[in-house]
Amino acid sequence: MLKWPTLQHLSQASLEEVNEMWAGLGYYRRARFLLEGAKMIVAEGSEFPNTVFALRKVPGIGDYTAGAIASIAFKQVVPVVDGNVVRVLARLKAIFANPKDKTTVKNFWKLAAQLVDPSRPGDFNQSLMELGATLCTPLNPNCTSCPVLSQCRALHNSRNDESVMVMDYPMKVVKTKQRNDFSTVSVVEISRSQDRLQQTKSNSRVLLVKRPDEGLLAGLWEFPCVTLDEEADLSMRRKLIDQLLKKSFKLNPPKNCNVISRELVGEFVHVFSHIRRKIYVELLVLHLKGGKHVLFEEDDINATDWKLLDCEAVSRMGLTSSVRKVYSMVQKFKQDGTSNNSVPLRKRPKCS
DNA sequence: AACTCGGGGAC
DNA sequence: GTCCCAGAGTT
């Protein structure tokens with residue numbers, strides 16, 4: 001809101017800028033949709049869409065968001081159904097249903113539509129969600145504090161039948177477990193000095209590369225890395241990183257650069273919604289030999305898929321959670337030389 | 001209908 | 001660790 005106070009402002013931003021602001025929040029497609037949506041609404045020229053029908057046309061706005069905006073912002077008498085609402089209604093009406101089933105959810109929309117308060121639809125919808133988030137929780141619901149306990153069929157059933165519990169509604173679904181993969185990240189420091197003692201902040205740059213525009217973490221910046229489906233030993237991991245650096249950046253020691261140091265910094269596990277990723281982190285300090293190199297040639301400084309930054313610039317950048325974790329591990333490693341994974345992740349400074 | 005997308009809070 | 005999801009879009 002501070003950076004782009006209006007849709008007009010936002011619509012003028014680049015995806016790069018929006019990604020930067022969104023970094024760390026996850027579900028990065030939402031950042032792209034937000035920008036596309038802003039552009040679309042501004043291009044239409046008319047007023048902000050204020051009905052579910054119109055909102056639904058905006059990229060990134062689905063049934064839930066359309067209902068939420070229409071009811072909360074525009075007082076339209078429409079329902080919202082999210083995970084909380086499904087749970088609350090399933091218990092209120094003692095519906096033992098699969099919350100992931102499309103038809104089931106449709107029925108919950110119908111039910112919610114019948115219940116929504118015409119005089120205060122936004123407040124009603126928010127209260128239903130809030131009830132699910134605070135009292136009618138998935139585990140150990142606080143029924144004794146519930147404002148609608150007298151109307152709750154699940155609670156009623158649980159009092160008449162010892163084998164029934166409020167918690168059992170709605171049906172528990174077995175979720176597919178994450179796949180495992182293995183990533184090796186190389187924080188590559190390009191030093192302009194051969195002398196280890198002269199490697200100060202001012203003459204050292206870190207290499208960042210941009211991910212592809214589609215797929216996981218699309219278009220976001222990270223340190224050079226290779227990802228495998230299987231675990232690989234240290235020599236294999238280094239070999240693959242070497243190949244990447246040679247292929248993408250013509251870094252080919254000892255021909256055009258020297259390896260000043262190469263150390264294992266540590267490892268940690270990063271969990272996505274559908275991937276459990278073990279990440280190995282190394283710090284690779286290189287010195288470029290004399291003569292021209294792609295990393296310092298005028299033409300390539302303007303490259304869009306990589307950049308060299310000093311420490312401060314890296315710290316200021318909007319980076320994904322795991323990339324921040326990697327960098328904080330490296331910083332700590334350089335500070336006291338310990339190789340461990342106990343670095344607490346420093347949260348991204350809030351935009352106050 | 002199943003899959004693809006992150007990250008963090010509560011416990 | 002395990003549970004949850006203020007979900008949308010694509011395949």
Side-chain angles (χ1 to χ4, degrees), chain A residues 19 21-37 40 52 55-73 79-91 98-106 108-109 112 122-142 167-181 183 211-222 227 268-277 279 318-326 344-348 350:
Chain A
N19 276 341
M21 286 299 283
W22 196 266
L25 297 180
Y27 278 145
Y28 294 95
R29 246 184 315 181
R30 290 175 174 176
R32 182 163 56 80
F33 286 141
L34 195 64
L35 178 57
E36 286 176 11
M40 185 184 126
V52 168
L55 285 160
R56 203 58 186 74
K57 290 183 164 49
V58 180
I61 296 185
D63 290 331
Y64 167 77
T65 310
I69 296 174
S71 66
I72 298 170
V80 297
V81 171
D82 67 351
N84 286 312
V85 173
V86 167
R87 187 171 58 254
V88 170
L89 294 184
R91 290 173 180 175
N98 179 352
K100 295 297 176 193
D101 179 72
K102 274 281 207 292
T103 318
T104 300
V105 174
K106 261 206 170 70
F108 279 104
W109 276 92
D123 287 343
F124 177 87
N125 287 335
Q126 291 190 66
S127 68
L128 212 53
M129 294 188 284
E130 194 66 10
L131 185 60
T134 56
L135 297 180
C136 199
T137 48
L139 272 51
N140 309 317
N142 187 357
M167 235 176 73
D168 295 336
Y169 301 91
M171 179 190 291
K172 297 265 182 272
V173 289
V174 285
K175 38 182 180 183
T176 57
K177 64 168 196 189
Q178 298 136 328
R179 70 171 190 267
N180 289 302
D181 67 18
S183 209
R211 294 181 59 89
D213 288 328
E214 289 186 347
L216 186 68
L217 307 169
L220 297 170
W221 292 91
E222 66 183 6
T227 302
F268 65 97
V269 173
H270 184 74
V271 177
F272 299 101
S273 50
H274 56 310
I275 303 171
R276 184 181 179 278
R277 175 168 292 175
I279 299 177
L319 297 170
T320 66
S321 177
S322 71
V323 177
R324 286 205 313 274
K325 171 83 177 175
V326 166
L345 178 56
R346 266 265 293 283
K347 285 187 183 168
R348 194 179 172 207
K350 284 210 172 81

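Keep in mind that this is a model prediction, so the values were computed, not measured. Residue numbering restarts at 1 for every chain, and letters A, B, ... go by the order of the sequence lines.
Of the candidate nucleotides C:dA6, C:dA8, B:dG7, C:dA6 has the atom lying nearest to any side-chain atom of A:Glu130. When distances are taken from the side chain of A:Arg29 to each of C:dA6, B:dC5, B:dA1, the shortest belongs to B:dC5. Side chain of A:Asn84, nearest nucleotide from C:dA8, B:dG6, C:dA6: C:dA6. Ranking C:dG9, C:dC4, B:dG6 by closeness to the A:Leu217 side chain, first place goes to B:dG6. For A:Pro138, the listed nucleotide lying nearest its side chain is C:dC4; candidates were B:dG7, C:dG7, C:dC4. Candidate nucleotides B:dG8, C:dC4, C:dA8 were compared by shortest atom distance to the side chain of A:Arg87, and C:dC4 ranks first. Closest to the A:Asp101 side chain, of the nucleotides C:dG7, B:dA1, B:dG7, is B:dA1. Taking the side chain of A:Arg30 as heavy atoms from C-beta on, and the options C:dC4, B:dC5, C:dG7, the nearest nucleotide is C:dG7. Out of C:dG7, B:dA1, B:dG7, the shortest distance to the side chain of A:Lys102 is found at B:dA1.
Taking all atoms of both residues into account, the shortest heavy-atom contact from A:Val86 to A:Pro170 is CG1-CG, 4.5 Å. Heavy-atom minimum distance, A:Ile61 versus A:Arg56: O-NH1, 3.3 Å.
Between the C1' atom of C:dA6 and the CD1 atom of A:Ile61 lies a distance of 14 Å, rounded to the nearest Å. Taking atom NZ on A:Lys177 and atom P on C:dC4, their separation rounds to 18 Å, with Å as the unit. At whole-Å resolution of the value, CG in A:Leu25 and P in B:dC5 are 18 Å apart. Rounded to whole Å, the distance from CG on A:Leu34 to C1' on B:dG6 is 16 Å. Remark: C1' of C:dG9 and OH of A:Tyr64 are 18 Å apart, rounded to the nearest angstrom. Distance CG (A:Asn125) to P (C:dG7): 14 Å, rounded to an integer number of Å. Computed from coordinates, the A:His274 NE2 to C:dG7 P distance equals 18 Å when rounded to whole Å. Atom NZ of A:Lys57 is separated from atom C1' of C:dA8 by 17 Å (rounded to the nearest Å).
Separation of the P atoms belonging to B:dG6 and C:dT11 is 16 Å when rounded to the nearest angstrom.
Two residues, A:Thr103 and A:Gly215, neighbour DNA chain B, and the one matched to the more 5' nucleotide by heavy-atom proximity is A:Thr103. Across the interface with DNA chain B, nearest-nucleotide mapping of A:Gly26 and A:Arg179 shows A:Arg179 to be the residue nearer the 5′ end.
Residue-level contact check: A:Ala133 touches the bases, meaning some heavy atom is under 4.0 Å from a base atom. Within the 4.0 angstrom heavy-atom criterion, no nucleotide atom of any strand lies near A:Arg32. Among the atoms of the strands shown, only primed sugar atoms or phosphate atoms (P, OP1, OP2) are found under 4.0 Å from some heavy atom of A:Arg56. A:Thr65 comes within 4.0 angstrom of sugar-phosphate atoms only, judged by non-hydrogen atoms across all strands, and of no base.
With hydrogens and angles ignored, the 3.5 Å screen pairs no side-chain donor or acceptor of A:Arg276 with any backbone N or O of A:Asp181.
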**Prompt:** After noting the C-alpha distance and the side-chain angles of A:Thr104 and A:Asn98, does the key distance pass the side-chain hydrogen bond (donor to acceptor under 3.5 Å, both in side chains) rule?
**Reply:** CA-CA 7 Å; A:Thr104 300; A:Asn98 179 352; over 6 Å; no
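No hydrogens or angles were tested; on distance alone, nothing pairs the side chain of A:Tyr27 with the base of B:dG7 as donor and acceptor under 3.5 Å.
The shortest distance between side-chain heavy atoms of A:Tyr28 and A:Thr320 falls below 4.5 Å.
Each of A:Arg179, A:Gln178, A:Arg277 was scored for a side-chain contact (heavy atoms from CB on, under 4.5 Å) with A:Phe272, with one residue passing: A:Arg277.
Side-chain nitrogen and oxygen atoms of A:Ser321 include at least one within less than 4.0 Å of the OP1 or OP2 phosphate oxygen of B:dG8.
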